[in-house]
Trainee: 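Supplied in structure tokens, the structure appears directly below.
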Amino acid sequence: MRKRQIILNADEIPKQWYNILADIKMNPPLGPDGNPVSPDQLAPVFPMNLIEQEVSDQRWIDIPDEVLDVLSLWRPAPLVRAYNLEKALGTPAHIYYKNETVSPAGSHKPNTAVPQAYYNKVFGIKKITTETGAGQWGSALSFACSQFGLECKVFMVRISFDQKPYRKSMMAAWGGKCIPSPSTETKAGREALERDPDTPGSLGIAISEAIEAAVTDESGETRYSLGSVLNHVMLHQTIIGLEAKKQMEIAGEYPDIIIGCAGGGSNFAGLAFPFVHDKINGKQIEIYPVEPAGCPTLTRAPFVYDHGDTARYTPLLPMYSLGHAFVPPPVHAGGLRYHGMAPTVSQLVNEGMLTARSVGQQKAYEAGVLVARSEGIIPAPETTHALACVVEEALKAKEEGKEKVILFNWSGHGLLDLAAYDAFFEGNIKDFAQTDEELEASEKIFADFPKPANIKSR
Ligand SMILES: *Cc1c(COP(=O)(O)O)cnc(C)c1O
């Protein structure tokens with residue numbers, strides 16, 4: 001029997017994360033006064049042990065035993081050779097994927113939710129606040145908090161709260177408290193409701209509410225948590241790529257091409273960064289973050305300083321940005337509807353280490369259905385964007401008659417996103433694209449901010 005799954009033993013789980021900040025140079029995040037943000041300024045928002053990770057340039061960081069113990073509920077995750085997809089495409093390429101759908105929440109997000117909950121717990125924090133759009137992050141954090149006996153409060157964008165009941169049910173099952181945003185519990189929420197009592201809400205407002213709820217809690221025992229974008233989130237996700245490296249070695253192959261979908265950048269970075277380390281040291285690899293054409297941050301926006309949230313609570317981050325007030329079109333891949341991108345991913349794109357791609361929704365779902373019918377797992381709408389790029393590269397390898405090795409990240413399953421598949425089957429999936437003028441208008445918002453330096457790490 002051919003070997004489809006490459007499984008690591010429990011004791012082969014990586015014991016350290018890889019920190020890309022040891023190998024690249026970055027523009028610093030800037031505070032409201034235009035100066036680099038000091039760790040102390042972030043202390044009301046995050047616990048100091050996570051802030052230390054956020055700014056660390058130590059290449060390898062130990063994963064605490066208590067974190068490994070929870071991750072071992074589903075990790076090491078399988079590496080799978082996609083034989084059926086190869087056959088369906090008639091390609092000589094060897095296609096492999098990391099299966100991140102096997103976590104309790106069904107995506108890669110618990111890889112960072114678990115260590116974040118742990119570090120908050122050991123710092124003496126009792127309650128974590130966060131925001132969620134479609135609910136993937138809120139459910140992952142609720143799961144993680146349940147493992148460490150922490151309270152979890154999730155501000156969920158009103159329209160998703162009403163339209164997507166099942167991730168709310170998952171949060172409840174894990175003991176998380178999910179409320180629709182805007183709410184009357186915060187000043188930011190009350191103001192938003194005063195402006196428009198029937199507002200559908202937005203991620204920007206929900207972030208403002210979650211941060212406000214954390215910093216105004218007088219007990220001092222509440223902090224805020226973010227599920228993507230920040231350096232420590234990318235760090236925690238590198239367990240994906242570190243496992244994949246060991247597994248590719250067992251398979252006796254090394255990837256020519258690495259692909260992941262990119263919203264805030266975390267599942268992509270998690271798979272890619274350990275291989276970027278090799279690329280920095282001379283390996284030849286093509287590495288592609290893939291985003292929706294309707295939210296074209298890396299492929300059409302400039303590399304600038306901008307805020308991570310609409311309410312401008314966050315420091316200015318050096319990243320590709322469509323503007324902090326950009327309202328993305330209603331693409332079904334909720335996890336890819338973000339105006340910015342992880343500063344680390346942005347820096348590497350800016351240096352030419354990574355080559356960003358974009359695909360329309362129609363092509364993404366065509367690939368998603370093809371892959372569901374060959375490999376079996378129904379992909380999350382976010383993952384289908386990576387799949388469209390995988391299919392394209394596999395067909396290119398066929399045309400060129402090359403036995404390329406392609407590795408991609410299967411970031412999550414789509415079992416709670418079946419309405420999007422129904423829309424696709426009914427012919428109701430739209431492709432979105434902004435005109436240059438529309439993008440220029442939304443990018444005016446950072447015109448007066450400082451500009452990041454064009455740093456080359458080597
Ligand atoms: C949240 C999510 C994403 C996008 O977030 P990143 O930080 O870019 O990884 C992608 N896929 C799935 C399944 C998600 O839940």
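For ligands, and for the atoms within them, numbers begin at 1 and follow the listed sequence.
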Trainee: Looking only at side-chain N and O atoms, does Ser183 offer a donor or acceptor that is under 3.5 Å from a partner on Glu209?
Mentor: yes

Trainee: Does Arg81 make a cation-pi contact with Tyr96, if we ask for NZ or CZ under 6.0 Å from the ring centre and within 45° of the axis?
Mentor: yes

Trainee: Using a heavy-atom cut-off of under 4.0 Å, does the side chain or the backbone of Glu100 touch ligand 1, or both, or neither?
Mentor: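 Neither part.
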
Trainee: Check whether the side chains of Glu291 and Ser358 place a donor and an acceptor atom closer than 3.5 Å, and report yes or no.
Mentor: no

Trainee: Heavy-atom distance to atom 8 (O) of ligand 1: which of Ser139, Gly263, Ala105 wins?
Mentor: Gly263

Trainee: Measure the distance from atom 10 (C) of ligand 1 to every protein heavy atom, then report the residue, atom name and distance (to 0.1 Å) of the closest one.
Mentor: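 Its nearest protein heavy-atom neighbour is Glu382 CB, 3.4 Å.
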
Trainee: Tell me whether Ala262 has any N or O atom under 3.5 angstrom from an N or O of ligand 1.
Mentor: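 Checking ligand 1 against Ala262, no N or O pair falls under 3.5 Å apart.
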
Trainee: Would you please name every residue forming a side-chain hydrogen bond (donor to acceptor under 3.5 Å, both in side chains) with His413, sequence neighbours left out?
Mentor: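 His413: no side-chain hydrogen bond (donor to acceptor under 3.5 Å, both in side chains) contacts found.
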
Trainee: Relative to the heavy atoms of Ala380, which atoms of ligand 1 are at a distance of less than 4.0 Å?
Mentor: 13 (C)

Trainee: Look only at interatomic distance and state if Ser266 has a nitrogen or oxygen under 3.5 Å from any nitrogen or oxygen of ligand 1.
Mentor: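 Yes: some nitrogen or oxygen of Ser266 is under 3.5 Å from one in ligand 1.
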
Trainee: If you count the atoms of ligand 1 from 1 in the order shown, which ones are under 4.0 Å from a heavy atom of Gln136?
Mentor: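 In order of numbering, the contacting atoms are 15 (O).
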
Trainee: Check contact between His108 and ligand 1, using heavy atoms of the residue and a distance below 4.0 angstrom.
Mentor: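 The answer is yes: ligand 1 sits under 4.0 Å from a heavy atom of His108.
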
Trainee: For salt bridge (Lys or Arg N to Asp or Glu O under 4.0 Å), just list the numbers for Lys279 and Asp23, CA-CA rounded to whole Å, side-chain angles, deciding distance to a tenth of an Å, and then say yes or no.
Mentor: CA-CA 11 Å; Lys279 187 166 176 173; Asp23 291 307; over 6 Å; no

Trainee: Look at atom 7 (O) of ligand 1 and find which of Gly264, Ser228, Gly227 reaches it with the closest heavy atom.
Mentor: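 Among Gly264, Ser228, Gly227, the closest heavy atom to atom 7 (O) of ligand 1 belongs to Ser228.
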
Trainee: When you measure from atom 4 (C) of ligand 1 to every protein heavy atom, which one gives the shortest distance, and what is it?
Mentor: Gly335 O, 3.3 Å

Trainee: Under 3.5 Å between some N or O of ligand 1 and some N or O of Ser411?
Mentor: yes

Trainee: Regarding Tyr320 and Asn350, do their side chains bring together a donor and an acceptor under 3.5 Å, going by distance alone?
Mentor: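 Checked: Tyr320/Asn350 side chains pair up, N/O donor to acceptor below 3.5 Å.
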
Trainee: Regarding Tyr119 and Gln53, do their side chains bring together a donor and an acceptor under 3.5 Å, going by distance alone?
Mentor: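 Their side chains do contain a donor-acceptor pair, which is all the 3.5 Å distance test asks for.
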
Trainee: Nearest protein heavy-atom contact for atom 14 (C) of ligand 1: which residue, which atom, what distance?
Mentor: Lys109 NZ, 2.8 Å

Trainee: Do ligand 1 and Leu336 have nitrogen or oxygen atoms that lie under 3.5 Å from each other?
Mentor: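 Among all N and O atoms of Leu336, none is under 3.5 Å from an N or O of ligand 1.
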
Trainee: Would Lys283 pass as a cation-pi partner of Phe275, given that its NZ or CZ must be under 6.0 Å from the six-membered ring centre and within 45 degrees of the axis?
Mentor: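 Verdict for Phe275: no cation-pi partner in Lys283.
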
Trainee: Looking at Gly412, which atoms of ligand 1 are within less than 4.0 Å of one of its heavy atoms?
Mentor: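 Taking each heavy atom of Gly412 in turn, ligand 1 has 13 (C) under 4.0 Å.
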
Trainee: Ring centres of Phe449 and His307 under 6.0 Å apart?
Mentor: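 Ring-ring flag for Phe449/His307: true, centres closer than 6.0 Å.
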
